[in-house]
Number of protein chains: 2
Amino acid sequence: MEFAPKSTYRALNTYTKLMRAAESVTSRVHRVLSAPKLTISQFGVLEALFHKGPLCQKDIAAKILKSTGNITLVIDNLEKQYLVRRKRDNEDRRFLTIHLTEAGTNLITKVFADVEASIAFEMASLTEDEQELLGNLCKKLGLKGG
Amino acid sequence: MEFAPKSTYRALNTYTKLMRAAESVTSRVHRVLSAPKLTISQFGVLEALFHKGPLCQKDIAAKILKSTGNITLVIDNLEKQYLVRRKRDNEDRRFLTIHLTEAGTNLITKVFADVEASIAFEMASLTEDEQELLGNLCKKLGLKGG
DNA sequence: CCGGTATAGTTTAACTTTAAATCGTATCGT
DNA sequence: ACGATACGATTTAAAGTTAAACTATACCGG
């Protein structure tokens, strides 16, 4: 071990716990996606469209924190499964607006409910007040920058 | 939107904040790795060896939550850069023990200090007590299961 | 209208990741 | 000792990811 001030040890310790909690919870939540054979990115795209309505690819990329090149591929794969449809915007022909198909809507409705239930189950380790508190602390942490 | 109980909304909300905080903090911390041209997995391996001493590949895989097949490749790449060395265990020839080289030790010593500083900077958004609190809440969350 | 510039999306190359099949080695029960 | 089984590591194939180069479209100033 090195010679770091106490505050650094505490920071490191908290950071590690934060990361472990995030990993551990997500990895359990994401198990729900294996049955419908969705990747995490695919789920992210479907969920974004489900909750925000039709979006262009750039907005989707920003929402799920992936590159636009990657979104092209993810949308390709979702389109092959008839879960979404690309539609060229006639106002500005550079844009493609991505819509959920009926099949896509049905799938994400079901899968999102499962994910939601899984998250509720995971968070039930904490009381209502603890959840509020955790949420506030996380918010404070996330705000800092980029 | 669906018809979920209030507790589910709260859970979802807290979950989202937890994930955003984790992503946002790690993405900033990981910027430190671009200069030494280390991938996150490579850093994870070096750091594990740095703090735990020589380990076999399976243990490394468990530590950084990657598949053993992946570890084979990550170690290959680190070995090409002369940062680690494989050594066959003579007690049980199935095991390869991975050691840091001197170059590897030097590199990770420097890089880990940078990462540590970056983490300390990030966590400084929270007071000492808030960090303790966050750590405890995260611990509670992570414990639940596998 | 025209030329420059910006933007949305696609393509490509390089790399990481995983799951599954495989190889070699060790262990256990008989 | 033998066969079954388990285990560590490697290989392979398929997929996801990014950065960078590229295409097509739009906008803006003159």
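Scope of the values below: all heavy atoms of this structure, side chains included, with no hydrogens, waters or symmetry mates. Chain A is the first sequence line, chain B the second, and so forth, proteins listed ahead of strands; every chain is numbered from 1.
In this structure, CD of A:Glu91 is placed 15 Å from C1' of D:dC27, rounded to the nearest angstrom. With rounding to whole Å, A:Gln81 atom CD is found 11 Å from D:dA15 atom P. When rounded to the nearest whole Å, the span between CG of B:Asp92 and C1' of D:dA6 equals 12 Å.
Ring orientation note: the planes of B:Phe112 and B:Phe43 are close to parallel, at an angle under 30° on the 30°/60° scale.
A nucleotide of DNA chain C counts as in contact with chain B when one of its atoms lies under 4.0 Å from a heavy atom; the first and last such, 5' to 3', are C:dT16 to C:dA26.
Residues that satisfy the side-chain contact (heavy atoms from CB on, under 4.5 Å) test with B:Asn136, not counting sequence neighbours, are absent from this structure. With sequence neighbours excluded, the residues satisfying side-chain hydrogen bond (donor to acceptor under 3.5 Å, both in side chains) with B:Lys80 are B:Asn77. Partners of B:Gln81 according to the side-chain contact (heavy atoms from CB on, under 4.5 Å) rule, which considers only residues two or more places apart in sequence or in another chain, are B:Gln42, B:Leu83. Partners of A:Lys110 according to the side-chain hydrogen bond (donor to acceptor under 3.5 Å, both in side chains) rule, which considers only residues two or more places apart in sequence or in another chain, are A:Asp114. Take B:Asn106 and apply the side-chain contact (heavy atoms from CB on, under 4.5 Å) test, not counting sequence neighbours, and it matches B:Glu102. With sequence neighbours left out, the side-chain hydrogen bond (donor to acceptor under 3.5 Å, both in side chains) criterion links B:Asn13 to B:Lys17. For A:Leu65, the side-chain contact (heavy atoms from CB on, under 4.5 Å) test picks out B:Glu23, with sequence neighbours left out.
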With the criterion being N/O to N/O and under 3.5 Å, what pairs connect the protein with nucleotides 16-19 of chain D, and how long is each?
| from | atom 1 | to | atom 2 | distance (Å) |
| --- | --- | --- | --- | --- |
| D:dG16 | OP2 | A:Asn77 | ND2 | 3.0 |
| D:dT17 | OP1 | A:Ser41 | OG | 2.8 |
| D:dT17 | OP1 | A:Lys66 | NZ | 3.4 |
| D:dT17 | OP2 | A:Ser41 | OG | 2.9 |
| D:dT17 | OP2 | A:Asn70 | OD1 | 3.4 |
| D:dT17 | OP2 | A:Asn70 | ND2 | 3.1 |
| D:dT17 | O5' | A:Asn70 | ND2 | 3.4 |
| D:dT18 | OP2 | A:Ser67 | N | 3.1 |
| D:dT18 | OP2 | A:Ser67 | OG | 3.4 |

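Among the atoms of the strands shown, none is found under 4.0 Å from any heavy atom of B:Arg88.
The residue among A:Arg93 and B:Phe95 whose nearest nucleotide of DNA chain D lies closer to the 5′ end is B:Phe95.
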